[in-house]
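Here is the structure we will look at.
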Amino acid sequence: MQKVRSHHCSKLERKYSKIRLFNLQQVEVDKLYVEVYLLERVTSRFRAEIEDLLNGVDPLRYFDRLGLGARQSDKRAQGLEIARRLDKLMVLGKPGAGKSTFLQHLAVACCRGEFLPGHIPVLIALRDVDASQFDLLRLIHQALRLPEQQQTEQILKQGWVLILLDGLDEVSSQFRKSVRNQIVKFVEDYDQNHIILTCRTQTTEYNLPTPFEYVEVADFSPEQVRIFVENWFTASFTDPKQGTALKEQFLEKLESNRQIADLAVTPILLSLTCSVFSDLQDLPKQRSALYRDGLNLLLKQWDEDREITREVGNGIYRQLTLEQKEKLLSELAFRKFQQLENFVLFEQQEIEGYIAEHLQISSTDSSPVLKAIETQHGLLIERAQRIWSFSHLTFQEYFTACHYLQSRDLPALATHVIEPPWREVFLLATEMLQPTDRLVQLMKQQIDRALVESAKLQEFLTWVEQKSTSVQAPYKPAAIRAFYFAIVLAHGFDIERTLSDALALALDRDRNRDYTLALALDRNLTQECALFARERSHTYALALGYSLNHPRNRSLDIKLAQTLVRTLNKPELDRNLQMLGNQLPHISEDNWENFQQWWQINGQAWIKQLRAVIIDYCNIGHDWQFSNEQHQLLRHYYDANKLLVDCLNNSCTVNNEVRMEIEETLLLPIAEIEKLGSCA
């Protein structure tokens, strides 16, 4: 036994201790490997309703967590731990999830005595086996290279072999049933041995009986991503300092790019992203280029590089060209994305209907097509029994953008500009479209129409324009309008945090280097912002209310109001504020209780007077009393304008005249836009 093990393991380690990266460089498996985590309950076996999967989860932010709230009993455990505990194991997972690397790691770890010490690991890649002549006993005997097959049988009867079968899905479809039956018979004859199999997805041909347990490879957690990235750059560079520096830069870029971070949660796509970053010393300026590379990898290159020809699905799917497959996926992404209430999850009957309609086939024929896309490419996944989605929201957004660009139906795309889920679709579309002028103009028209029906919201836009023209500042007029718009919109929020991502910054981002435009605009505007600020813990409407609420801080007393407005150079305002100040009782430590009593009786009336003064002299501090629906519409309108500016900054093919025309009319009431248009 020891002699056989020693000889076999030395050969196995030479063969499987290294792995090839996308740049063709070979690295040690142990230097790159990140511990695999497995879900002990296979996703596609979980029963749920769509409402349960969506409950409490924002798909735009936590797409990968859909359904986890309804599946709290699911356990995520280390692969090594499960492999020790369960001696008959089927490991399922998406393409590139790390199944093959997991088996390589187990084989090498077994040789080194770190996993099932004393056992003899036999790793067989089923894609390299002639399935028509499949005989598992013979394959194990050939791997061990013993003189007599009886010697192999004796070792197997003693239960000292770790059998690792990789890629059951890669067996030719005509031989799947016979291979499955062979495996079942072998396990019956030699049940004392450990056997672990991998497969992209469970199929009826591989529905193995007890004692096999099914588990599923989980996507990388943020911590696993960090470890993989560290391992990748350490293994890829001979200069440790260079590898460490690039690793830190990569993680920083990944943290600031949620869409790419959400995509890079499997070894294959994370490795691709690391490779691209290593070549460019940065993430691609156009994310669509990285997505195209990832899709090409999953749709074509991954199997071609390993010389695998799959016979998945029915004849209809196998006859589809790469372009036809992409058009089908674009159609599915578009059809679902149009449904605002649920733009990510398909009922199986629904998605099969879309496939049948697009390919003009029967519903019966569409089911194998759906399973083929899951099995072969992993771009569609079964999240629960008969409930499907794209494997990554990023891919669905990308394919939705492709649908509109292929159909050239830009007016239809523009109608969605106010809807928050479509943000990334527009960013990708303007990135890929050449030129972009027509689309951004259509987006602007739709945004302007969003508030046309509400006289009150048009009145608010008129006020925003009036305030912006009353300020002398070296900034684009639209940036100042965005600043005032954001102040009102930020009611109930942290104003500085809201403005830190304000449209104003996007409009004047080269000139404004502060985190809020208020600090960069002229002093008058800054003071007005302070006067308008809301103190959260009380109902006081203005900054003066803040000083009254903290009388024991002597730097914040009644004189603050005068200090704030002195630079406004409005004597009447100063006198009115002084009169209001004179109404207040003296504030000190000794009479604090008396002041509180006075404030309880007179405070609200005093605040009302103060607000009226500020409105009269500064035209700021209006209580707009927007309804929840109006406030939400304003938020969507503002976000759509921010999106439009991001698209302008995102595209290098927008005509300068178009860009200027759009920026000059941002956040203006419709009457003002029409007047400017007639003048032009």
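Scanning for ring pair (Phe, Tyr, Trp, His ring centres under 6.0 Å) contacts around F277 gives F250, with sequence neighbours left out. Residues passing the side-chain contact (heavy atoms from CB on, under 4.5 Å) test with E188 are V184, K185, sequence neighbours excluded. For H8, the ring pair (Phe, Tyr, Trp, His ring centres under 6.0 Å) test picks out no residue, with sequence neighbours left out.
Summarising the geometry, atom CD belonging to E35 is positioned 8.0 Å from atom CD belonging to Q224; distances are rounded to the nearest 0.5 Å. Taking CG of L428 as the reference point, atom OH of Y291 lies at 6.0 Å (rounded to 0.5 Å). Distance check, rounded to the nearest 0.5 Å: OG of S391 to CG of L298 gives 7.0 Å.
The two residues M432 and C402 make their nearest non-hydrogen contact at CE-SG, 4.3 Å. Shortest non-hydrogen contact noted between S363 and E352 is O-OE1, 4.5 Å. L254 and A261 make their closest contact through O-CB, 3.6 Å (heavy atoms, listed as atom of the first residue, atom of the second, distance). Taking all atoms of both residues into account, the shortest heavy-atom contact from T266 to A97 is CB-CA, 4.4 Å. Nearest heavy atom pair, residue C274 against residue V229, reads SG-CG2, 4.1 Å. Considering every non-hydrogen atom in both K371 and E374, the closest pair reads NZ-OE1, 2.9 Å.
Remark: R85 engages E40 in a salt bridge, criterion side-chain N to carboxylate O under 4.0 Å. The residues E230 and R226 are annotated as salt-bridged, a charged nitrogen and a carboxylate oxygen being separated by less than 4.0 angstrom. Comment: D166 does not engage K99 in a salt bridge, judged by the lack of any side-chain N to carboxylate O separation of less than 4.0 angstrom.
Each of R258, R287, Q396 was scored for a side chain to side chain donor-acceptor pair (under 3.5 Å) with E424, with one residue passing: R287. The only option from L164, L92, L103 that meets the side chain to side chain contact (heavy atoms under 4.5 Å, CB included) definition with T198 turns out to be L103. Partner I163 forms a side chain to side chain contact (heavy atoms under 4.5 Å, CB included) with one of I140, I183, I196 and no other, that one being I140. Put simply, the residue from Q182, E153, Q142 that forms a side chain to side chain contact (heavy atoms under 4.5 Å, CB included) with L137 is E153. A ring-ring contact (aromatic ring centres under 6.0 Å, His included) with F337 is found for exactly one of F343, F390, F346, F395, namely F343.
With a 4.5 Å cut-off on side-chain heavy atoms, Q376 and Y317 count as touching. Contact of the Q78 side chain with the I82 side chain is not registered, since no non-hydrogen atoms from C-beta on lie closer than 4.5 Å. Residues R112 and D30 have side chains in contact (heavy-atom distance under 4.5 Å, counting atoms from C-beta outward). Contact annotation: the side chain of I19 never approaches that of Q26 to less than 4.5 Å [non-hydrogen atoms, C-beta and beyond]. With contacts defined as side-chain heavy-atom distances shorter than 4.5 Å, the pair R176/S172 does not qualify. By the 4.5 Å heavy-atom criterion applied to side chains, L329 and L299 are counted as neighbours. Two residues are said to be in side-chain contact when any heavy atoms from C-beta on lie closer than 4.5 Å; Y16 and V29 fail this criterion.
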Before giving the answer on side chain to side chain donor-acceptor pair (under 3.5 Å), spell out for Q154 and Q150 the whole-Å C-alpha distance, their side-chain angles and the decisive distance to 0.1 Å.
CA-CA 6 Å; Q154 185 63 30; Q150 289 182 343; over 6 Å; no
Can you list the steps and then say if V215 with L39 is a side chain to side chain contact (heavy atoms under 4.5 Å, CB included)?
CA-CA 6 Å; V215 293; L39 298 174; over 6 Å; no
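Side-chain N/O atoms of R383 and S389 include a donor and acceptor closer than 3.5 Å. A donor and an acceptor atom, one from each side chain of T152 and H141, are located under 3.5 Å apart.
For CD of Q281, the number of neighbouring non-hydrogen atoms (other residues, nucleotides, ligands) closer than 6.0 Å is greater than 12. Within a 6.0 Å radius of NZ in K88, other residues, nucleotides and ligands contribute more than 12 heavy atoms.
Judged purely by atom type and a 3.5 angstrom limit, H194 uses its side chain to pair as donor or acceptor with the backbone of A83. Distance alone, capped at 3.5 Å, is enough to place a donor-acceptor pair between the K336 side chain and the L345 backbone.
Between F228 and F220, a ring centre-to-centre spacing shorter than 6.0 Å is recorded.
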